[in-house]
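The structure appears below as structure tokens.
Chain identifiers are assigned alphabetically (A, B, ...) following the order of the sequence lines, protein sequences preceding nucleic acid strands; residue numbering begins at 1 within each chain.
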Amino acid sequence: MLDLAFIRENPELIKEVARRRKTAVDVAALLALDSDLRSVRRQAEEQRAEQNRLSKAIQQAGSDKEARDGFIQQGRAVAALLKELEPRERELEARLRELWLLVPNIPDASVPEGAGEDDNVEVKRVGAPRTFDFEPLDHVALMRGLDWLDLERAAKIAGSRSYILKGEAVLLDLALMQFALSRIVRKGFTPLLVPAMAKEFCFIGNSQFPRGREQTYSLEADDLYLVGTAEVSITGMHSGEILREEDLPVLYVGYSPCYRREAGTYGKDTRGILRVHQFEKVEQYVICKADHEESVQWHESLLANAEEIVLALELPYRVLNICTGDLGDAKVKGYDIECWIPSENRYRETHSDSYFHDYQARRADIRYRDGEGTVRYVHTLNNTALASTRTIIALLENHQRADGTVAIPEALRPFLGGQATLGKPWR
RNA sequence: GGAGGGAUGGCAGAGCGGUCGAAUGCGGCGGUCUUGAAAACCGCUAGGCGAGAGCCUCGUGGGUUCGAAUCCCACUCCCUCCGCCA
């Protein structure tokens with residue numbers, strides 16, 4: 001969230017930003033609540049001050065019963081007033097917070113203007129899509145031929161957008177996780193295996209809630225939700241803490257299963273495992289000082305880390321600078337990496353690299369004490385290192401051979417017992 | 001699932017109706033002494049709102065009371081024991 005004082009002083013800027021980001025927020029109502037709250041709070045504070053004065057007077061009255069009883073009578077009156085003011089104060093606070101959580105972050109000047117995903121700007125394109133001297137298959141046909149995928153029985157178990165990986169596909173999946181994890185760990189990131197279930201505050205802190213609530217699975221009996229990314233759990237980790245400046249930056253690489261309801265995507269990407277309810281992901285996460293330049297540097301280096309992974313997997317890709325209309329509310333700026341998917345003859349998103357300045361830190365209350373002893377909100381960033389299903393699609397489709405087997409890029413082989421090929425010829 | 005115990009500042013830990021935003025120790029910062037360092041000694045050291053006076057915060061939310069860290073209720077989390085279990 002943004003600093004309330006900043007919103008108060010820049011209401012027109014907030015409205016403008018909301019418009020550019022195609023997001024609805026009632027700034028006027030928010031400011032009205034803010035002013036009501038301040039007024040009620042002032043009244044309540046006056047009464048509390050009076051209550052404190054009377055409380056001291058009662059003590060000092062000692063055995064002077066008459067004076068004492070007089071103060072107690074006054075105290076009762078003050079308490080009655082507060083009994084009216086305080087619930088109003090709490091209610092206004094809650095309503096204000098509700099609107100406040102909907103105020104989006106301010107995009108960086110380098111974020112392109114645009115209405116939606118078609119306006120994202122391609123920053124670079126790396127590697128040429130392969131030309132096949134045979135008829136390439138899509139990942140579903142390929143995996144079926146190899147007996148690596150069972151969508152029908154998965155649907156029987158868990159409904160649509162489920163899948164069963166089978167045989168060497170499972171080994172490939174796990175190898176990819178290990179591969180990504182080990183490469184990021186090598187860069188000094190601390191690996192984490194975090195809970196895939198988290199409490200509500202983690203989702204609010206991360207900005208998944210309140211918008212996007214319907215994209216999250218909830219476990220109502222236990223007041224928990226399934227995370228759509230390890231990012232949610234990692235944001236929760238340091239919530240409410242004041243970190244030491246010398247411990248920054250904190251570099252994490254988290255591994256977790258990811259759960260997504262994909263509500264409202266009926267009919268979209270229905271074939272295969274591109275858009276599924278569950279996958280695994282290795283996620284990069286950075287907590288750094290409240291410094292724009294440093295955030296930008298980390299944003300670029302998280303992108304570079306992800307690119308190295310994609311390059312090592314020998315996948316053609318491009319990088320997009322996400323436009324205002326397509327950028328998540330919490331982000332200052334975001335890059336997506338899209339890998340080439342031969343069967344679709346286009347690039348599809350596999351990575352998402354974001355920085356937030358202190359937007360998440362304010363929501364999750366993550367701070368640090370700087371050199372002067374001042375307590376500040378940290379900056380947070382994250383980027384995918386590798387997401388299982390989409391990377392499997394890209395890998396299989398791009399590296400398939402005419403006989404239906406798949407060539408394994410050299411960098412991945414150590415994680416597959418040195419094998420250069422996966423699958424038995426079947427075409 | 002059953003039975004107990006607990007949650008206080010960066011950490012440890014006292015306080016159990018008013019003089020408590022809170023003893024003490026450790027840690028941190030500054031100083032004295034010293035060629036320098038250590039030791040010793042002295043001082044400072046929670047966060048938030050507010051221009052300020054002031055207000056709020058002792059796990060969270062309610063309640064009792066003129067007044068709650070302290071009493072009552074609910075919830076969350078942690079620990080110990082029993083049961084179950086990968």
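Atom name C1', nucleotides B:G13 and B:U24: the rounded distance is 8 Å, in whole Å. Between the P atoms of B:U80 and B:G25, the separation comes to 31 Å (whole Å). Taking the C1' atom of each, B:C79 and B:U70 are spaced 23 Å apart, rounded to whole Å. Rounded to the nearest Å, the gap between the P atom of B:G5 and that of B:C72 is 13 Å. Across B:A46 and B:C41, the matching P atoms stand 22 Å from one another, rounded to whole Å. B:C81 and B:U65 have their C1' atoms separated by 39 Å, given to the nearest Å. Annotation: B:A69 and B:C58 have their P atoms spaced 6 Å apart (nearest Å). Rounded to the nearest Å, the gap between the P atom of B:G21 and that of B:C75 is 30 Å.
A salt bridge links A:Arg53 to A:Glu50: at least one charged side-chain nitrogen sits closer than 4.0 Å to a carboxylate oxygen. Salt bridge annotation for A:Glu84-A:Arg88: absent, with no cationic side-chain nitrogen under 4.0 angstrom from a carboxylate oxygen. Ion pairing of A:Arg41 with A:Glu45 is absent here, as no side-chain N (NZ or NE/NH1/NH2) approaches a carboxylate O to less than 4.0 Å.
In this structure, A:Asn52 reaches the sugar-phosphate backbone alone: every heavy-atom distance under 4.0 Å involves primed, P, OP1 or OP2 atoms, never a base. Across all strands, A:Leu54 comes closer than 4.0 Å to no nucleic acid atom at all (heavy-atom distances). If you check every strand for non-hydrogen atoms under 4.0 Å, A:Arg53 touches nothing. Note on A:Lys199: only backbone sugar-phosphate atoms sit closer than 4.0 angstrom, heavy atoms only; bases stay farther off.
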Please enumerate all protein N or O atoms sitting under 3.5 Å from an N or O of nucleotides 45-50 of chain B, with distances to 0.1 Å.
from	atom 1	to	atom 2	distance (Å)
B:G47	OP1	A:Arg369	NH1	2.7
B:G47	O3'	A:Arg367	NH1	3.1
B:G47	O2'	A:Arg367	NH1	3.2
B:G47	O2'	A:Arg367	NH2	3.4

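The separation between A:Asp222 atom CG and B:C75 atom P is 15 Å, rounded to whole Å. Taking atom CG of A:Leu224 as the reference point, atom P of B:U76 lies 11 Å away to the nearest angstrom. The separation between A:Gln47 atom CD and B:G67 atom P is 12 Å, rounded to whole Å. The distance from atom CD of A:Glu86 to atom P of B:U57 is 9 Å, rounded to the nearest whole Å. Residue A:Arg90 contributes atom CZ, which lies 14 Å from atom P of B:C56 at whole-angstrom precision. We find that NZ of A:Lys83 is positioned 7 Å from P of B:U65, with the value rounded to whole Å. Between the CD atom of A:Glu91 and the C1' atom of B:G62 there is a distance of 16 Å, rounded to whole Å.
Summarising the base pairing, B:C58 is matched to no nucleotide, lacking a Watson-Crick or G-U wobble pair whose two defining distances lie under 3.5 Å. Under the Watson-Crick and G-U wobble criteria, each requiring two contacts below 3.5 Å, nucleotide B:U65 is left unpaired. With a cut-off of 3.5 Å on both pairing distances, B:U35 has no Watson-Crick or G-U wobble partner at all. Across all strands shown, B:A51 remains unpaired; no Watson-Crick or G-U wobble contact has both distances below 3.5 Å. The partner of B:C81, taking Watson-Crick or G-U wobble pairs whose two distances both stay under 3.5 Å, is B:G2. Nucleotide B:G9 forms no Watson-Crick or G-U wobble pair with any nucleotide shown, as no partner meets the under 3.5 Å limit on both distances. Nucleotide B:A14 has no partner under the Watson-Crick or G-U criteria, as no pair reaches both atom distances under 3.5 Å. Nucleotide B:A22 forms a pair with no other nucleotide shown, judged by Watson-Crick or G-U wobble geometry with both contacts under 3.5 Å.
The side chain of A:Ala49 lies closest to B:G54, out of B:G54, B:C66, B:C56. Residue A:Gln51 places its side chain closer to B:C66 than to any other of B:U64, B:C66, B:G62.
Cation-pi check for A:Arg213 over A:Phe209 is met; the charged atom lies under 6.0 angstrom from the ring centroid and within 45 degrees of its normal.
Of the residues in residues 72-80 of chain A, those lying under 4.0 Å from RNA chain B by heavy-atom distance are A:Ile72, A:Gly75, A:Arg76, A:Ala79.
For A:His351 against A:Val310, the heavy-atom pair with the smallest separation is CE1-CG2, 3.5 Å. Between A:Ala44 and A:Leu82, the closest heavy-atom pair is O-CD2, 3.7 Å.
Atom CZ of A:Arg8 has more than 12 heavy atoms from other residues, nucleotides or ligands within 6.0 Å.
Ring geometry for A:His292 versus A:His357: interplanar angle over 60°, hence perpendicular rather than tilted (30 to 60°). Note on ring orientation: taking the six-membered ring where Trp is involved, the planes of A:His238 and A:Tyr252 are parallel (angle under 30°, cut-offs 30° and 60°).
In this structure, A:His399 and A:Glu314 have side chains that are in contact, with non-hydrogen atoms separated by less than 4.5 Å.
Applying the side chain to side chain donor-acceptor pair (under 3.5 Å) rule to pairs touching residues 405-416 of chain A yields A:Arg401-A:Thr405, A:Asp403-A:Thr405, sequence neighbours excluded.
A:Ser343 and A:Asp138 are not linked by any side-chain donor-acceptor pair at a separation below 3.5 angstrom, with hydrogens and angles left out of the test.
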